[in-house]
Amino acid sequence: MEMSGTMLINRSVETVFAYVMDVSNDANWRTGIDESGWQTGESTAPGALGYTLVGKNKVEWQVVSYVEGESVEWDLISGPIRGRGGYRCVPVNGGTQFTLVADVEPTGWLKLLGPIFGWMGRRQNQADVERLRDILESSPD
């Protein structure tokens, strides 16, 4: 189920990518995230493991591809949702088109929500990328 969000951010690709790749910033712009970090040092190389705490749920993810300043993609390997996610940055007129990529399937009781889960996820991811834009555009580049 595709639940991506996209936003034009009036900041350089380097600024946007550096901010989102510092996963400790996730709690600042991603709704419901209490903490994110690396389990294998701060490596972004394919195979690197990270985690995200959402309330009492720990979601673990593994980097599958990384292109500096352009994109990162990971597989969700534990937690209530399975699938693939990531970030893409494309330069546009001095700014950045940022996309939070999410192609996931809920497991357990979340699966019972069906299409509502997808609708809620798309709305939330779009709100998150808008919050990211607001944070980055209100700070010096």
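What you see is a predicted model; the values in this text were computed from it and never measured. These numbers come from the heavy atoms of this one structure, side chains and all, not from hydrogens, waters or symmetry mates.
A side-chain hydrogen bond (donor to acceptor under 3.5 Å, both in side chains) with Ser24 holds for exactly one of Asp22, Asp26, Asn28; it is Asp22.
For Thr31, the side-chain hydrogen bond (donor to acceptor under 3.5 Å, both in side chains) partners are Gln124, Asp128, Arg131, not counting sequence neighbours. In terms of the ring-ring contact (aromatic ring centres under 6.0 Å, His included) criterion, residue partners of Tyr66 (sequence neighbours excluded) are, by chain and number, Phe17.
Side-chain atoms of Thr44 and Met21, non-hydrogen and from C-beta on, do get closer than 4.5 Å to each other. Between Leu53 and Tyr51, the closest side-chain pair of non-hydrogen atoms falls below 4.5 Å. The shortest distance between side-chain heavy atoms of Trp29 and Val20 falls below 4.5 Å.
Listed for the Ser65 side chain is no donor-acceptor partner under 3.5 Å among the backbone atoms of Val72. A donor-acceptor pair under 3.5 Å is formed between the side chain of Ser78 and the backbone N or O of Glu60. At distances below 3.5 Å, not a single donor-acceptor pair connects side-chain atoms of Gln62 with backbone N or O atoms of Leu76. Judged by distance alone, the side chain of Arg133 and the main-chain N or O of Ile9 form no donor-acceptor pair under 3.5 Å.
When every heavy atom of Leu100 is checked against every heavy atom of Val129, the shortest pair comes out as CB-CG1, 3.7 Å. In this structure, Gly32 and Val54 approach most closely via the heavy-atom pair O-CG1, 3.4 Å.
Aromatic ring orientation, Trp74 versus Tyr87: perpendicular (interplanar angle above 60°, classes split at 30° and 60°).
Note on Val101 and Phe98: separate hydrophobic clusters, where clusters join Ile, Leu, Val, Met, Phe, Trp and Tyr whose side-chain heavy atoms are under 4.5 Å apart, directly or indirectly.
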